Undergrad: 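Before I ask anything, here is the structure I am working with.
Source: prediction; values computed, not measured. All ligand and atom numbering here is 1-based and tracks the order in the structure.
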Amino acid sequence: MHRLFFVFSVAVMMTCSATSAEKPSTAPRTAALPAASDCSFGQPPQRRAEGCNRALARTINFGNMLDTRRLGMGPKLRDEFITLSKAAGFTAIRLTVRWDAHAEYKPPYTIRPAFFEYVDRAIKVATDQKLAIIIDMHHYTSMNNRAKTERPRFLALWTQIAERYRNAPATVMFELLNEPNGLHTQDTWNQLLPAVLKVIRASNPHRTLIVGGAQWNTRVALETLQLPADDRNLIATFHYYDPMETTHQGAEWVQGSDAWLGAKCCTQAELQAIKYDFEEVEQWAKAERRPVLLGEFGVYSKADEKTRVTWTTAVREQAEAHGFSWAYWELASTFGVLEPATLTWRKWLLKTLLPQSPVL
Ligand code: GLC
C-alpha cells in the first residue's frame, strides 16, 4: 500500500548476488504442496510454524466480504467461493474480517453472535474441504488513529475470538492485525505485541499465529518488528504492491492514482527491484528463523490484462523462489480472479497463480 523508495547498499547487493548464484535464475523453486500432517499440533513449535506455513503455500484472500463496515458492501461470502477455491488448487483462504465494526464500543466489547456465525461457517466449510484458513483482523482503522486508547478493545476482541476458536484444528491460524499504519507506528505495535500474544496464548498455547510489521505490513517494517524470541510458533508476513503506479493505478482509495492510469509492467529495472526486495526478505527470514507469508499482492482491475499478468506472475514466482507461501489479493472483488455473478474463473488471471490448476 505504501510507496517505498529503496536504495540498496553495496553489502546488500553482494549478498543478493551470492544468493542468486546458488539458485537457477530462470526456473524458480516451486513451493511443495503441503502434506496434511505438516500442520498439526503434534510437533515442536518451530516445525509447526513451518508446516502450517506450507499449508498456506497458495492462498486466496477473501477480501471485501467480511472486512467492510457494513455487510453487503462487497461480495457476499458464499460456501461456493470456498469449494471453488479448493477445486482450483488453492491450499488456504485468508478471511479478512472487520471485527471492530461488529462489536460493542463499551466493555466487555461483545462481538455480535450473529457476526461470529459467518466466521464459524467459513471455518467449517474450509476445514471440511481440507483448506487451511487465516482469521485476520482487518481494516481496524481506530487502531491506526488511536492505538493506545483502543488497546483494551483490541485485546478484548482477540480474547473473544481466541476463546471461541480454541478447539479449532491447527490449520486455523490467527493473523493479529492487518497493515498497522498512521499513528500506529512500529513502536506502538512492538509495545502492543506482547500483550496481544499473551491474551491469545492464554486459550491457544499451540496455535500458529501470523504477524506483520507496521507501515502497512511492508517488507521494510520486518526489520524493526520485535517478535518474542521464545515464541517459535509464528509466521511473519509482508504485503507487496511495488511499484504502486502499476498495482494501484486508478484506485479510488489512493490519492493521485488516476495519474498512474496506463502504467505498464515491467521494465527490467522494475523486475530486478522486485527480485532484490524478495532476496532481502529471505535474508531477514533466515537470520530470524521465521517462515514467511506474502500475505497480499495483486494489481487493481484498472490496469490492462498484460500488465496484471506480467506483474502477478513475476511476484508469485519470486515468492515461490524464496520459499515464501503467498496469498493473492483477492478472490471476487476489484482485484478478483473469480467473476462472482457467474462463479466463473478469469482463467487468464488464475493461470498466473495456479498454472497447473485442474480448472484451466
Ligand atoms: C489492503 C486493504 C484493502 C485493499 C488492498 C489493496 O488489504 O485493506 O482494502 O483493497 O490492501 O490496496
Undergrad: Below 4.0 Å from ligand 1: does a non-hydrogen atom of Glu330 turn up there or not?
TA: no
Undergrad: Does Arg219 make a cation-pi contact with Tyr240, if we ask for NZ or CZ under 6.0 Å from the ring centre and within 45° of the axis?
TA: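 No; the conditions do not both hold, so Arg219 does not lie above the ring face of Tyr240.
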Undergrad: Suppose I only count heavy atoms of Trp253 and a 4.0 Å limit; which atoms of ligand 1 are within that range?
TA: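 Going through ligand 1 atom by atom, the ones under 4.0 Å from Trp253 are 10 (O), 12 (O).
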Undergrad: For ligand 1, which part of Glu179 has a heavy atom less than 4.0 Å away: the side chain, the backbone, both, or neither?
TA: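 The answer is the side chain.
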Undergrad: Out of all atoms in ligand 1, which are within 4.0 Å of some heavy atom of His248? Include the element for each.
TA: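 Heavy-atom distances to His248 below 4.0 Å select 6 (C), 12 (O).
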Undergrad: Give the atoms of ligand 1, by number and element, whose distance to some non-hydrogen atom of His139 is under 4.0 Å.
TA: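 Counting from 1, the qualifying ligand atoms are 2 (C), 3 (C), 8 (O), 9 (O).
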Undergrad: Check the orientation of Phe297 and Trp311. Use parallel for under 30°, tilted for 30 to 60°, and perpendicular for over 60°.
TA: tilted
Undergrad: Using non-hydrogen atoms of the residue, decide whether Asn178 is closer than 4.0 angstrom to ligand 1.
TA: yes
Undergrad: With a cut-off of 3.5 Å and sequence neighbours excluded, list every side-chain donor-acceptor pair involving residues 353-360.
TA:
{"residue": "Ser357", "atom": "OG", "partner": "Ala88", "partner atom": "O", "Å": "2.7"}
{"residue": "Ser357", "atom": "OG", "partner": "Val359", "partner atom": "N", "Å": "3.2"}

Undergrad: With nothing but distance in play, are any N or O atoms of Asn64 less than 3.5 Å from an N or O of ligand 1?
TA: no
Undergrad: Within the supplied structure, the quantity of interest is the number of heavy atoms (other residues, nucleotides, ligands) at a distance under 6.0 Å from Tyr118 OH; does it exceed 12?
TA: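 No, OH of Tyr118 has 12 or fewer neighbouring heavy atoms, counting only those of other groups under 6.0 Å.
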Undergrad: Can you tell me if Tyr241 contacts ligand 1 (heavy atom of the residue under 4.0 Å from the ligand)?
TA: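 Contact check Tyr241 vs ligand 1: positive.
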Undergrad: Report yes or no: do Ile161 and Leu71 belong to one cluster of Ile/Leu/Val/Met/Phe/Trp/Tyr joined by side chain heavy-atom distances under 4.5 Å?
TA: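 Ile161 clusters together with Leu71.
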Undergrad: Will you find, in the side chains of Arg78 and Thr83, an N or O donor that is under 3.5 Å from an N or O acceptor?
TA: no
